[in-house]
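Data block below; observations after.
Being a predicted model, the structure only gives us computed values, none of them experimental. Only heavy atoms go into these numbers, but all of them, side chains included; no hydrogens, no water, no symmetry mates.
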Amino acid sequence: MKQQQQQFTMNIILWLLASMIVCNGLPLNANVAGRPAVVNIGAIFSFKTVIGKAAKIAIETAIEDVNSNPDILPGTKLILQMKDSNYSGFMAVVEALLFMERETVAIIGPQSSVTAHVISHIANVLRVPLLSFSSTDPTLSPIQFPFFVRTAQNDLYQMSAIAEIIDHYEWREVIAIYEDDDHGRNGIAALGDKLAERRCRISYKARLSPEPTRDEITDVLVKVALRESRILVVHVPGSWGLKVFSVAQYLGMLGTGYVWIATNWLSTVLETNSPLSQDAMDDIQGVVTLRMYTPDSQLKRRFVSRWSNLTRGKLIGLNTYSLYAYDTVWLLAHAINGFFNQGGNISFLNNSRASELSEGNLHLDALSVFQGGNLLLDNILNVNMKGVTGDFRFTSDRNLIHPAFEIINVIGTGYRRVGYWSNHSGLSTALPETLWEKPPNRSSTSQMLHGVVWPGQTTQKPRGWVFPNSGRHLKIGVPHRVSYREFVSVRGPDVITGYCIDVFTAALNLLPYAVPYKLIPFGDGRTNPSGTELVRLITAGVFDAAIGDIAIITNRTKMADFTQPYIESGLVVVAPVWRKNSNAFAFLRPFTGRMWAVTAIFFLLVGTVVWILEHRMNDEFRGPPRRQVVTILWFSFSTWFFAHRENTVSVLGRIILIIWLFVVLIINSSYTASLTSILTVQQLSSPIKGIETLVSSKDPIGYQQGSFARNYLIDDLKIDASRLVALNSPEECAKALKDGPHKGGVAAMVDDRAYIELFLSTRCEFSIVGQEFTKNGWGFAFPRDSPLAVDMSTAILKLSENGDLQRIHDKWLLRRACSYQGAKMEVDRLQLRSFWGLFLICGLACLIALFLYFLKMVRQFSRHYSEESDLSGQSSRSARIQTFLSFVDEKEEEVKSRSKRRQMERTSNRSTDDGSNSTSYSIRRNSEFASNKSLGATTNRGEV
């Protein structure tokens, strides 16, 4: 026991000694003992910029926190040398080269993406990792620059967020205002790619030189104001970004209708230089900006609470770049610690090409290669830590995990958050970290933001575009028609009228803005121009839009955007018709010959079936053969008029009769309706029944010159082009139809219903035959993604709702109806296919009834005559069939009475000899049959 106490005391002493060694920074093992006392790292950025002045404080604080923490880099301290590039890319490169001479293992920076492109080439050769918390250019690829590590969010994600905001509000075109350097160009290029994924685009790129003057900004914004789009994305440095809004305010570009979206430079300015002056805040009212999202945590709250002490006496606010700068130092410390744990040594070797660099006074031969650069880079990329910005680790493509942005709206003297964007679930009002554990949801219903106060202090979503105020009129192409000028009539260079023109001007009058335009005729005035060619000229830039009788068809929608149809139309067939007069046999026309034949057969079939079912028990269906045939015929055909006299007594017979009477009711009603139409409505007849007749025939077909009907007939219906005849006017159409195919004309004409209705209003000898075989409409054509097409569609719907569209139609297209307008094409005769279901039901019912009746007869015959056959010895097949037929012909009551007598006789003669019984029974059986037949004949003669 005493020995155990001594052992426990020794363990306590050893533990205390180990704790003292650790607290005093003494190494505990060989690996720690081999670590250097200091590690040199560098930092390059501009100390006086919006980002730099806050980042400097954060980096210095992080170095102090790392060096004072015994749990990381034990026995080693980080020595940081910071150099101010002072807004100069050249100075940043020079300072980077100087760092390389001083055995620096890593460099924090540079701040500018432009400078990062240059220094990254040097870092690749010398294997010194660059960790930049502010170079967000998406083109800084790890493939090209493996030693460049971005420790903030990639601008690619920021541009994705902006693209989703634009798509969320259903805007389609934006104008990009950016600094014309690598960072600006590459960021806007990424924005263009993300917009294209959502069928949006950048309609105009307004470039500004680095450090532009106010006059230069004014010139650029004046050009922007003359553009159509009112969605402006500003991607410039924070050092002079507010100057853009100051000029925009001066030009009146921050009023109602404008949408300004700034990248995260504006949120950085708001956080760092808060509070801004009242004038500066007035210049950015209603602007939407983004801010890199960092989730709330205890580490973050602790650092935020320290910030006021760290910046005492300095008006420097904490921005998200400062948080990432702070975490960058900790990232590097963890990576260096891992580097040492893996046996890494800090050693530098002269460049193999140093002799080539020794010439001159720059002493570039002093640059040496960091031998542990690759190992340190691997450790940097594999760090997994929790920092003030949240979980801090890299993805496989070397971007930080969980990219997310806050969407901020500047209001009054401050700003408010209207939502979030994350690469996981898009736009949302929920915190991004609450969505990371759930499956991605990009449905339109899940994409939402809180209300935004837009420029002009309005909460109504801006339309996003206006008609450009450039003094240029829209060039609108109008087909110079030769025929049907009620739709479009060119009366002079500046005088164009017609139904289509009136609809267009009425729709324009409903727009909330003015649209200067000029109508330009298209065509030579001798033949109708092609609508497809007119639409194609929009894509070629000849016209800004096209109006008129332009059908909306598939190949045209691939070239332009169309408005809502303002008139419904479709291809129909027109052919000569003549009036069909009634004749003596008009009553046969409702049914086809096959229908008449099948109906007659079923009348006879049902009559025969009912006779079979009723014959044994119904005296009305018995008698001599001639009388029974007459009964069948009379009963069958009298059911047409429901005038049959015979009563049915069997269950099966009644069921068959009920089903048949239902069939007769349907046939009778259909016949009556068809005959009434034939005799009372004027009938028109034509050998052409519709498009099917034309396709199957070889006759020539007419079409209107310039119509899409030609391509449709050839491409879709596979009609040979040699059969098609172009007709240029209604008079040519009428003559060709009258002449017919035998006199050089056409058998029929295919054209839009809108034209045909006007054509037929004064030509009663022609009519539409068959059904309309295509469905389309007429609309106005505009360039792809033109917002004017959307507004014009809304205006056309308003015209339709308030009745103005119908009034315009009646003004131009209402004509006195032709005397044949009330006539109908020859009514199709009723076909067997319309009634085969009824006949099938009736036929199956008859078969089932006969089958059940036959089973009943077999059962009765077997029961009543089995013994008789044995006693008489008549067992031949012919005898049994004859006996069965005689049995079937007998009346059922007689069979039952004979069965009773036979049972009584069998009881009284049981003691008699079997042979005599059989003989007497046969004699008595024959006499009974003879008596019954005689009685039946007498009865029948009495009835006759």
Side-chain angles (χ1 to χ4, degrees), residues 163 166-176 192 195-206 223-233 257-259 461-479 500-501 503-520 522 531-567 776-799:
I166 291 168
D167 183 54
H168 175 72
Y169 288 108
E170 299 179 342
W171 297 316
R172 287 293 169 261
E173 293 187 357
V174 304
I175 293 176
L195 288 173
E197 293 175 3
R198 295 160 179 80
R199 291 198 63 187
C200 306
R201 69 186 185 96
I202 298 175
S203 61
Y204 180 68
K205 295 181 179 180
K223 295 177 182 178
V224 168
L226 297 177
R227 295 284 170 172
E228 183 178 281
S229 176
R230 285 295 180 261
I231 312 300
L232 312 178
V233 177
Y258 280 91
V259 174
K461 185 196 81 171
R463 185 173 63 248
W465 73 282
V466 295
F467 196 79
N469 187 23
S470 59
R472 187 179 71 88
H473 287 64
L474 276 183
K475 295 181 294 182
I476 299 179
V478 180
C500 300
I501 307 302
V503 172
F504 176 73
T505 54
L508 279 184
N509 291 334
L510 292 179
L511 298 182
Y513 49 86
V515 179
Y517 66 92
K518 179 177 178 61
L519 300 180
I520 302 174
F522 169 68
T532 302
E533 179 63 18
L534 177 57
V535 174
R536 189 193 66 79
L537 291 177
I538 297 177
T539 63
V542 177
F543 296 119
D544 298 312
I547 66 172
D549 50 337
I550 304 173
I552 304 173
I553 57 177
T554 303
N555 64 331
R556 294 176 184 175
T557 58
K558 295 177 181 178
M559 297 184 286
D561 282 349
F562 282 84
T563 62
Q564 170 81 13
Y566 58 87
I567 186 171
N776 52 50
W778 293 357
F780 304 135
F782 292 90
R784 296 301 297 269
D785 300 321
S786 171
L788 187 56
V790 178
D791 287 355
M792 286 293 287
S793 293
T794 304
I796 290 172
L797 288 175
K798 290 180 181 178
L799 290 176

Restricting to non-hydrogen atoms, name the atom on [X] and the atom on [Y] that form the minimum distance, rounded to 0.1 Å.
{"X": "L534", "Y": "P479", "answer": "CD2-CD, 3.8 Å"}
{"X": "P462", "Y": "G257", "answer": "CB-O, 3.9 Å"}
{"X": "M559", "Y": "N555", "answer": "CE-O, 3.6 Å"}
{"X": "S229", "Y": "E173", "answer": "OG-O, 2.9 Å"}
{"X": "A507", "Y": "I796", "answer": "CB-CG1, 4.3 Å"}
{"X": "K461", "Y": "E170", "answer": "NZ-OE1, 4.0 Å"}

Side-chain contact test, heavy atoms from C-beta onward, threshold under 4.5 Å: evaluate it for [X] versus [Y] and give yes or no.
{"X": "P787", "Y": "E228", "result": "yes"}
{"X": "V478", "Y": "I501", "result": "yes"}
{"X": "V233", "Y": "I202", "result": "no"}
{"X": "R463", "Y": "D791", "result": "yes"}
{"X": "M792", "Y": "L511", "result": "yes"}
{"X": "L799", "Y": "L510", "result": "yes"}
{"X": "T532", "Y": "R556", "result": "yes"}
{"X": "N509", "Y": "F504", "result": "no"}

Handout entry: From CA spacing to verdict: side chain to side chain contact (heavy atoms under 4.5 Å, CB included), L232, V224
Key = CA-CA 9 Å; L232 312 178; V224 168; 3.6 Å; yes
Kindly say whether [Y] contributes a backbone atom to a donor-acceptor pair with the side chain of [X] at under 3.5 angstrom?
{"X": "R198", "Y": "C200", "value": "no"}
{"X": "D167", "Y": "A163", "value": "no"}
{"X": "S203", "Y": "V174", "value": "yes"}
{"X": "T539", "Y": "V535", "value": "no"}
{"X": "S793", "Y": "A789", "value": "yes"}
{"X": "R230", "Y": "A225", "value": "yes"}

Completion exercise
Rounded to the nearest 0.5 angstrom, the CZ-CG distance for F782 and D561 is 10.0 Å
Completion exercise
So OG1 of T554 and CG of N776: to nearest 0.5 Å the spacing works out to 9.5 Å
Practice task
Go through the steps for R199 and D785 under the test salt bridge (charged side-chain N to carboxylate O under 4.0 Å, His left out), then give the verdict.
Solution key: CA-CA 8 Å; R199 291 198 63 187; D785 300 321; 3.6 Å; yes
Please tabulate, one pair per line, all N/O donor-acceptor pairs under 3.5 Å involving side-chain atoms of residues 541-553, not counting sequence neighbours.
unit_1, atom_1, unit_2, atom_2, d
D544, OD2, R472, NH1, 2.9
D544, OD2, K475, N, 2.9
D549, OD2, R481, NE, 3.4
D549, OD2, R481, NH1, 2.6
D549, OD2, Y755, OH, 2.3

Exercise for the section: May I ask you to check whether Y204 and R227 show a side-chain donor-acceptor distance below 3.5 Å? Expected result: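 Result is no, nothing qualifies.
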Problem - Evaluation steps, side chain to side chain contact (heavy atoms under 4.5 Å, CB included), between I520 and F522 - result: CA-CA 6 Å; I520 302 174; F522 169 68; over 6 Å; no
Handout entry: Proximity of Y566 and F780 rings by center, below 6.0 Å
Key = yes
Problem - F562: ring pair (Phe, Tyr, Trp, His ring centres under 6.0 Å) partners, not counting sequence neighbours - result: none
Practice task
Go through W465 and V790 one step at a time and tell me if the side chain to side chain contact (heavy atoms under 4.5 Å, CB included) criterion holds.
Solution key: CA-CA 12 Å; W465 73 282; V790 178; over 6 Å; no
